[in-house]
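Every chain is numbered from 1 and lettered A, B, ... according to where its sequence line falls, protein lines coming before strand lines.
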2 protein chains.
Amino acid sequence: MRRDVFQAIADPTRRAIINMIAHQPLNVNTVTENFDVSRTAVYKHIKILTECGLIEIKQQGRERFCEAKLQKLNEVSDWVEQYRQFWKARLDSLDNYLSELQSKNDSKTKKKNDGTSKRTRK
Amino acid sequence: MRRDVFQAIADPTRRAIINMIAHQPLNVNTVTENFDVSRTAVYKHIKILTECGLIEIKQQGRERFCEAKLQKLNEVSDWVEQYRQFWKARLDSLDNYLSELQSKNDSKTKKKNDGTSKRTRK
DNA sequence: AAAATATGCAACCTTTTGGTTACAAAATTA
DNA sequence: TAATTTTGTAACCAAAAGGTTGCATATTTT
């Protein structure tokens, strides 16, 4: 039974659950009301999210409130961000290309150009 | 056949494949060599990654090179980042708590404190 | 041309996933 | 106390996922 964050957020229903409780904790029945699958199905999703640490259950009377613990999303964030350079590189190239194009065009139409319209990217 | 980026990166083998070809394109056999499953299994993973746009296949003679197209990871990045406030908030609270504690402690032990050791977070 | 190499894919199998119904147990309410 | 509400979980099912072997096809190599 693999139970990591990547697998947990792969399911669209689970992502929707996370979205629901991100703002405020909700009990199991309330979460269920927003889906057209059974309470048991939703409960299983909640259990998976609990097992990988994305949510925590707090009992209050006969109800259990699901509280989002989104620190765990750091794992995903870290993994994704390590590749940002690989998809940013091309955008930068396009940027340079466009701004070169712009310069050429500028010098063709008007001789004066202070360069303020040049696109930049940090 | 659901084929979205979240589902694609849920499998650890596929994440490993992405990692391999992020730096330079590799042909199918070379990718396969690094795993202990069959070429067919790896091929299926590559197909899934292709179908959701994370990699592109370029034929070159009898070989096919797999090239990473990681722009699609933006979908994941965007989804995760929208929640950052929810897990950053608590760290900030802890930070404030710790720095308050520090102040109290400082004023108890030595009267003089220029505050340079105070923890800050932007 | 023949052999070797690199790949795509069908057919099949087992395990996992996501869902269901049915029932039990604990807490609240009437 | 009896009825209601909220939840946990067992038992079961169909479909999807991840894997395998075997074979066909296209390109090089020899």
Listed nucleotide nearest any side-chain atom of B/Asn27, set C/dT7, D/dG19, D/dG18:
C/dT7
Nearest of D/dT28, C/dC9, D/dT7 to any side-chain atom of B/Arg62?
D/dT28
For C/dC9 and B/Tyr43 - does any side-chain N or O of the residue sit under 4.0 Å from the phosphate oxygens OP1/OP2?
yes
So which of A/Ile46, A/Val37, A/Val42 actually passes side chain to side chain contact (heavy atoms under 4.5 Å, CB included) with A/Thr32?
A/Val42
Which distance, rounded to the nearest 0.5 Å, do you find between the CZ of A/Phe35 and the CE of A/Met20?
6.0 Å
Starting at atom NZ of A/Lys44, determine the distance to atom C1' of C/dT16, rounded to an integer number of angstrom.
11 Å
Residue-phosphate contact under 4.0 Å: B/Arg39 side-chain N/O, C/dA6 OP1/OP2:
no
For the atom pair CD (B/Glu63) and OG1 (B/Thr30), what is the distance rounded to the nearest 0.5 Å?
7.0 Å
When you measure from the side chain of A/Thr40, which nucleotide among D/dT21, C/dT20, D/dT6 comes out closest?
C/dT20
Where does the angle between the aromatic ring planes of A/Tyr83 and A/Trp79 fall among parallel (under 30°), tilted (30 to 60°) and perpendicular (over 60°)?
perpendicular
Look at all strands and tell whether B/Lys47 reaches a base, only sugar-phosphate, or nothing, counting heavy atoms closer than 4.0 Å.
sugar-phosphate
Got a donor-acceptor pair under 3.5 Å from the side chain of B/Arg14 to the base of D/dG18?
no
